[in-house]
Amino acid sequence: YKEYCVIGAGPGGLQMAYFLENAARDYIVFEKGYGAGTFYLKYPIHRLLISINKRNTGKTNKEFNFRHDWNSLVSHDESLQMTKYSEDFFPPADTLVQYLNDFATKLNLKIQYNSTIHDVMKREDKLFQMWDQHDNTYTCKYVIMATGIAKPKEPQFQGHEYVDGYEDLSVNRSDFEKQSVLILGRGNAAHETAQHIMGNTNVIHMMSRSTTRLAWATHYVGDLRALNNGILDTYQLKSLDGLFEGDVNELIVTKSPLDGRLYILHDNKTLTSPGQDKLPKVDNDATREGYDRIIRCIGFEFDFEIFHPSMNVKRAGLRRTAKYPKISFSYESIGVKGLYYAGTNTHSLDHRKSAGGFIHGYRYTVRTLHRILEWRNHGVQWPAVKFNNPQDLMTHMTKRINEASDIYQMFSVLCEVIIFDENKYSSTYLEAYPCALVSRIQKITGHPVPGPMIVINLEYGKNFSGPGKDPFKRGRAAYSASVAHRSNFLHPVYYYYEKQYTDKDYLNKPPKWGLPVPDRIHHTLEEFTTKFDAVRTHSLPLRRFLEDVLGVDLRNFFATECMLISLTTSTLPPGCQ
Amino acid sequence: MFVKLLFAISFCFVICDAEDLSFPQLSDTELNLHKKSSIGYGVFLRHKKDLTEHFSNALSSVLTVTESLNSNGPAVGVLNCNESSDVICEDKEEKLLLFKDGEVVNSVDLDYISTPEDAEFLIVTLLNEDLMLNVTKSEDLHELVQTAAKNKKNIILAISNPGELLHQALLNAALESNGEPIFAYTMDFENPFFTADNGRIKNINGELWVIMCSLAHGEKCPYGQYKATITSNTVPALLRHMQQDSFATIINDNATLNNEIESGLDTGKDIVILTAGKGKLERALKISESLCSINFPFSKCLVVDGQTVQTPVATSEGRIYMSFKTQPDIEQEIMVGYLGSESFGEVEQHYERLNEHRLIYERSLKYRFPLSEERPPSKRKAISLTEINETNEPIVADDEESRFNEPVYVQEIQDDAVMHAVHTNKALKDLYLFDFKSYSRLTDVTYEKVITGSDFAVILFTHEFNPKALAALATFIEIHRTYAGNSPLHRVECFDWPDVCQKAEVTTYPRMFFYRSGNDRTPHEYKGIWMQSEIEAAIRRYSLAWPMVVQKESDLDKISATSEPIVCGIAFTEQGEKVFREAAQVIGGDYQVLLIKKSAVSSIKPMLNNRQWDGKSDLIAVNINTKFLPYKKTFSTVEDVKQIVAKALEKNWVELSVINFQKLMAAPEPLVIQYIDKSAVSRDQLELRQQLEKIANSEKFYGKILFTWMDSTPNTAGNYALHMHSGGEWEGAPIAFFNKKGSVNFKSVTDTKEDITSWLNSCLEGKEKISYKLRNEEWKGRLPGYDLLQIMKDEGTYPVFQPSKVTEEEQEKPKPTGGRFHGGKPTIHAAPAVVTNKPHTEL
């Protein structure tokens with residue numbers, strides 16, 4: 001029996017184990033592989049990570065630097081940073097595996113390797129039970145699924161048997177020599193594959209349901225990254241490669257009996273591949289010449305088969321998010337109490353919005369889950385910094401927005417929350433708290449909410465992100481504090497609420513708004529350096545905002561001024577207290 | 001240049017031949033006629049037949065300035081006393097007598113007329129010195145002000161000596177002024193009337209004050225210090241402005257407002273607009289008068305009645321809104337926003353900062369348009385206050401060039417004095433942000449070394465976003481520089497090393513910790529005020545051993561005298577030494593502690609002079625500047641030591657200063673503050689002080705009143721407080737009873753024989769008349785900042801609540817539209833994007 005059973009020793013599971021270890025909880029991690037992070041022994045198949053490993057920022061601030069280290073997990077051990085493992089901006093996947101195993105070893109995490117867990121179920125006594133491949137039984141009070149989304153998605157369209165899966169694809173370029181290739185999918189794996197083979201192929205076509213989503217336009221790191229976009233060049237610069245749209249699920253692939261090549265068909269009624277007896281209805285179909293190879297690169301999904309059929313585990317959605325399990329914002333399964341998720345399988349909450357599907361994002365959401373569990377199960381309050389006056393608070397706010405990595409990576413998912421007492425003077429500062437759970441702070445953190453609150457969220461401009469947006473257009477940057485609300489690049493937004501908002505308020509927030517409409521709002525003017533410390537442009541308007549909402553003079557005074565004030569007025573400003 | 005005097009009688013110099021010099025020789029009849037000149041007449045008395053050298057020189061000098069004196073200058077003649085029977089010849093010295101209206105107004109020793117300049121100055125000055133009233137004491141000034149207030153006449157007061165440029169310029173102005181305004185001067189002026197409100201007089205001599213009694217409220221006149229350099233041009237301008245009687249114009253309608261702004265800007269003035277909310281008109285008027293009396297003729301003040309003029313600001317706020325405009329060619333529009341405390345000092349600060357900003361702005365313009373070239377004409381007309389307020393937007397840039405002229409938004413004007421000071425101090429910012437050489441900046445590694453080492457260390461934690469931290473560094477670095485190469489002072493910048501600060505649990509700034517030398521590395525936090533002297537004293541205490549041990553007499557030589565208390569434990573017994581060593585660990589942070597062993601007692605025994613002490617018991621005595629305080633006592637516990645020290649150092653009569661005011665203000669007892677002008681202590685003040693000290697040290701008011709004094713030398717905080725508490729009027733020895741509940745009773749003690757205790761009792765009982773009521777300052781935010789929600793509403797980007805009914809699944813489901821696979825021409829494409837925020841319907 002263990003209080004916590006973590007399943008999976010990938011980055012998510014290891015991160016969870018680290019927090020449990022640190023909190024001295026009773027836990028075990030089950031890992032089916034012989035070591036940690038075995039997913040990365042195979043993937044990505046071309047062995048280059050696309051998470052950046054920026055070793056130099058010109059700053060000594062470790063928290064700030066963590067903003068630009070996308071591969072490391074959170075720990076107190078500074079030797080456990082990927083920036084110390086590889087000098088490559090995009091490090092090799094093998095290095096990550098090495099790193100993850102060092103993480104597990106150095107931090108003495110309790111991991112049971114070579115244990116393939118199956119049939120996770122919840123008993124009537126509300127404990128979870130599961131078995132490994134040797135039919136050893138394990139009982140746990142809480143289960144944290146950190147298995148990632150490692151099962152390749154394999155749509156069963158007609159002719160799917162002719163298609164090569166990304167998971168089995170040869171990485172030997174010569175295997176593609178003089179071949180015409182169709183790649184299904186348009187994510188980074190698809191582009192990575194195209195990039196890898198384009199020097200050998202005749203043509204590469206790429207098909208997916210939606211248009212190309214460029215990460216620099218959508219600001220979502222799961223969309224197409226610049227380093228893999230070679231095929232966009234060869235397409236638009238008329239080098240025979242090309243992209244078109246279509247639904248993979250409705251695809252029909254047939255192998256021509258005449259030339260043995262693969263053709264895609266419009267529907268069953270008009271079989272028009274070579275060797276068939278009909279001519280196509282349309283004579284200019286871009287696929288009409290057929291392919292030597294079709295590659296499926298349409299991603300992975302969560303493996304629901306790990307659960308016993310008795311478990312009421314749901315999918316998060318029907319289409320786009322169907323690959324994820326359905327969970328609440330406290331990372332608990334909707335349907336199975338006590339079953340939690342950690343790591344990339346929680347990405348349904350911020351899919352195509354933030355970084356919760358990636359190490360640099362979920363290292364923080366895992367910490368969030370841990371903090372939630374600490375209060376819920378052990379009565380340990382959410383860590384908070386208390387301030388006795390708004391002046392000290394303001395410095396801390398400025399410090400956080402300038403250095404914090406958690407709210408930076410998980411923008412619009414994790415927020416800073418400042419809870420004021422009734423007189424709006426002293427405050428409790430909660431760092432990197434789930435924006436969606438602000439309505440439930442007391443329940444989630446153990447901190448009461450006696451007065452108003454400020455929620456700080458980092459945001460891009462509301463009309464700045466999305467496929468087809470031009471993030472390089474002239475006039476893209478707001479230039480003055482008076483129009484800071486028109487800022488487009490990631491910038492802090494301060495929401496002031498006289499009263500804590502409700503679940504309903506959050507669920508009914510306006511389109512494109514990360515949080516419900518507040519009583520007062522403040523935007524700090526954008527700055528692509530993400531340093532928001534300009535005295536007049538950033539600090540002063542923030543002070544005015546705080547002064548306004550808190551009704552207090554937040555100027556600093558010299559000692560002599562304070563003495564004079566104390567001799568002539570009945571109260572002192574905070575700057576003199 | 002000298003103003004040319006009119007001559008009452010048309011008189012040309014008649015040049016006569018006398019030893020190669022020609023002068024008008026006066027008969028007694030002519031003399032009698034000229035004596036009565038209302039402008040003046042100079043008579044050289046000649047006694048000797050032969051001209052002496054200094055007589056010749058004097059005559060020669062006068063002759064030389066004939067050109068400038070000319071026909072309109074004062075007339076001068078020579079009276080030969082050997083021939084004259086006039087009474088003035090009874091004075092047997094050869095001299096120059098100056099007559100006016102039949103009277104001798106001055107006599108000049110001929111030795112003083114050695115140059116033509118002397119001659120010109122003396123003649124004009126001495127003949128006309130009655131035009132400039134000499135104020136020698138404050139009573140004279142008060143009387144003058146009262147009279148002027150009654151007659152609504154303005155006063156110009158120079159703090160100057162005759163002969164100085166300022167004095168001469170004003171004298172010339174006085175000659176032309178026809179008695180309006182009143183000109184006065186003082187050579188040795190100490191009246192705090194002029195210093196109390198703003199406390200910024202530094203160089204007294206050469207100042208010029210304007211007292212606008214034409215705008216008097218009762219017997220009080222608005223006044224201000226004229227800051228511009230006095231030139232021949234500025235004085236007439238000053239006079240014109242004073243004669244206009246208008247330092248503040250009250251505006252009751254928009255048309256007048258716009259006209260006034262336009263006309264003011266046309267004449268090159270800055271416009272200061274104070275828009276008064278309900279009930280604030282009078283206050284705005286006073287501020288305006290004060291401000292513009294100081295800053296004219298460069299500023300024009302307009303007081304807008306927010307009740308009658310359509311301006312969105314101030315009317316509903318019941319507050320005063322200040323805005324500022326400069327000349328149209330500079331195109332600068334600055335709004336200041338609501339005034340906070342509305343104290344004049346604060347308004348003036350605003351004004352100065354705005355001016356500072358403007359000067360920077362002007363420099364940038366000069367850079368763009370070399371002085372030799374004419375500036376391009378303005379493309380932007382001055383905008384009215386109403387326009388500004390209605391849109392809450394500054395002037396919109398209409399061309400590329402105007403991008404340089406980015407208007408400063410009111411919300412973006414710095415009004416935090418500390419922030420302003422540290423961020424405009426280039427040297428400090430460089431030191432703070434970029435200097436990695438001049439002092440020790442700890443990293444995560446070196447921090448560990450320091451705190452785990454054994455050397456004495458002082459660590460200052462700062463954060464670059466905190467202005468107080470920057471200010472603290474300025475002091476810190478000064479102390480650091482006093483060490484020759486082996487400074488124990490280190491700094492951790494928490495933005496560079498947040499992990500270090502987190503480890504030290506530092507979340508507020510600045511904070512400073514001492515690590516004492518040795519193995520005990522417990523950090524001791526500094527809790528005092530951030531003043532260099534205080535920090536230095538604390539560093540010294542923490543750097544010493546707790547206690548320092550004096551084994552033998554010669555050890556005492558190593559201990560330097562200090563004004564900081566030294567707690568001496570004279571330990572005769574082992575137990576006593578043990579207790580004292582323990583006590584030293586408790587009080588060592590507050591006082592230097594000395595353990596004097598039995599073997600060294602003989603050297604200090606005579607100094608102790610304590611009859612109650614048997615010379616054998618363990619004793620605590622406190623030494624300051626080599627002298628032991630009277631209170632000494634034997635001890636047996638740590639608590640005894642603490643109490644004895646507290647009692648020995650107990651002061652019943654303390655100076656109220658920046659170091660201790662917080663502590664004194666936090667105590668529940670009311671304060672008695674005697675104001676003592678240390679630069680000129682009067683007998684009254686001394687006598688009152690003696691009386692108060694006596695009272696303070698008696699049991700009479702023990703626990704009921706804290707007795708303090710403040711230095712009220714001009715330009716000090718005490719001077720300001722005195723002015724506020726007294727209402728600007730006092731005599732003798734001023735004293736205030738400061739009731740922390742919100743009021744002050746002020747008293748001018750003129751008879752120091754009077755027993756002050758009855759007044760104190762009366763104050764305690766609340767029977768005394770309140771002379772000053774503490775302002776009930778709420779310390780609200782000073783400006784609303786940008787109301788971005790409102791701006792969004794105005795520009796149409798405010799969220800519209802139209803929750804989408806389209807589910808995620810519906811959005812995602814592709815809709816077949818027919819056709820074949822073509823790039824960009826899909827057979828199946830996704831439905832039009834519908835934005836939703838509701839992937840979840842539960843949390």
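Chain naming here is simple, since letters A, B, ... match the order of the sequence lines and numbering starts at 1 in each. Computed from heavy atoms alone, side chains included, the values below leave out hydrogens, waters and symmetry copies. As the structure is a prediction and not an experimental result, all values here were calculated from the model.
- Ranked by heavy-atom pairs under 4.5 Å with chain B, the list A:Thr568, A:Thr571, A:Asn402 is led by A:Thr568.
- Below 30°, between 30° and 60°, or above 60°: for A:Phe545 and A:Tyr494 the angle between ring planes is between 30° and 60°, a tilted geometry.
- Separating the CZ atom in A:Arg209 from the CD atom in A:Glu250 is a distance of 10.5 Å, to the nearest 0.5 Å.
- Within the 4.5 angstrom heavy-atom criterion, only side-chain atoms of A:Ser439, from C-beta onward, approach chain B.
- Looking at B:Glu795, only its side chain comes within 4.5 Å of chain A, counting heavy atoms on both sides.
- Proximity to chain A (any heavy atom under 4.5 Å) is shown, for B:Phe465, by both the backbone and the side chain.
- Here CE of B:Met724 is found 10.0 Å from CG of B:Leu774. Values are rounded to the nearest 0.5 Å.
- In this structure, chain B has no heavy atom under 4.5 Å from any part of A:Leu393.
- Between the side chains of A:Thr502 and A:Asp505, at least one donor N or O sits under 3.5 Å from an acceptor N or O.
- Per-residue heavy-atom pair counts under 4.5 Å with chain B were compared for A:Met563, A:Glu547, A:Lys462, and the maximum is reached by A:Met563.
- Note that CG of A:Asp553 and NZ of B:Lys780 are 12.0 Å apart. Values are rounded to the nearest 0.5 Å.
- Heavy atoms closer than 4.5 Å to chain A are found nowhere in B:Thr443, neither backbone nor side chain.
- No part of B:Ile659 comes within reach of chain A, as not one of its non-hydrogen atoms sits under 4.5 angstrom from that chain.
- Taking B:Gly742, B:Ala421, B:Gly781, B:Gly718 one by one and counting their heavy-atom pairs under 4.5 Å with chain A, the maximum is reached by B:Gly781.
- For B:Ala736, no part lies under 4.5 angstrom from a heavy atom of chain A.
- Contacts between A:Leu567 and chain B at a heavy-atom distance below 4.5 Å involve backbone atoms as well as side-chain atoms.
- Between the side chains of B:Thr462 and B:Glu493, at least one donor N or O sits under 3.5 Å from an acceptor N or O.
- No donor-acceptor pair under 3.5 Å is formed between the side chain of A:Glu63 and the backbone N or O of A:Ala404.
- Residues that satisfy the ring-ring contact (aromatic ring centres under 6.0 Å, His included) test with B:Phe661, not counting sequence neighbours, are absent from this structure.
- Per-residue counts of heavy-atom pairs under 4.5 Å with chain B were compared for A:Thr537, A:Asp519, A:Leu550, A:Asp503; the largest is that of A:Asp503.
- The cationic group of A:Arg520 does not satisfy the cation-pi geometry with A:Tyr496, failing either the under 6.0 Å distance to the six-membered ring centre or the 45° limit from the ring axis.
- Chain B forms more heavy-atom pairs under 4.5 Å with one residue of A:Ala559, A:Ala436, A:Gly242, A:Ser566 than with any other, namely A:Ser566.
- Only the side chain of B:Lys468 comes within contact range of chain A, with heavy atoms under 4.5 Å apart.
- With sequence neighbours left out, the side chain to side chain donor-acceptor pair (under 3.5 Å) criterion links B:His725 to B:Tyr675.
- For A:Cys562, the parts lying near chain B are the backbone and the side chain together; criterion is any non-hydrogen pair under 4.5 Å.
- For the pair B:Glu464 and A:Lys531, the salt-bridge criterion is met [side-chain N within less than 4.0 Å of a carboxylate O].
- For chain A, the nearby part of B:Ile673 is the side chain; its heavy atoms alone come within less than 4.5 Å.
- Only the side chain of B:Asp499 has a heavy atom closer than 4.5 Å to any heavy atom of chain A.
- At a 4.5 Å heavy-atom cutoff, the contact between A:His523 and chain B is made by backbone and side-chain atoms alike.
- Only the side chain of A:Glu78 comes within less than 4.5 Å of a heavy atom of chain B; its backbone N, CA, C and O stay farther away.
- Between A:Phe387 and A:His396, the two ring planes are tilted [angle within 30° to 60°].
- Heavy atoms of B:Gln662 lying under 4.5 Å from chain A belong exclusively to its side chain.
- Using a 4.5 Å cut-off between heavy atoms, A:Tyr429 makes no contact with chain B at all.
- A donor-acceptor pair is defined here as one N or O able to donate and one able to accept, closer than 3.5 Å; no such pair exists between the side chain of B:Asp444 and the backbone of B:Trp497.
- Side-chain N/O atoms of A:Lys512 and A:Asn463 include a donor and acceptor closer than 3.5 Å.
- Highest contact tally toward chain A, considering only B:Gln790, B:Met665, B:Met419, is held by B:Met665 [criterion: heavy-atom pairs under 4.5 Å].
- With a 4.5 Å cut-off on non-hydrogen atoms, A:Val385 touches chain B through its side chain but not through its backbone.
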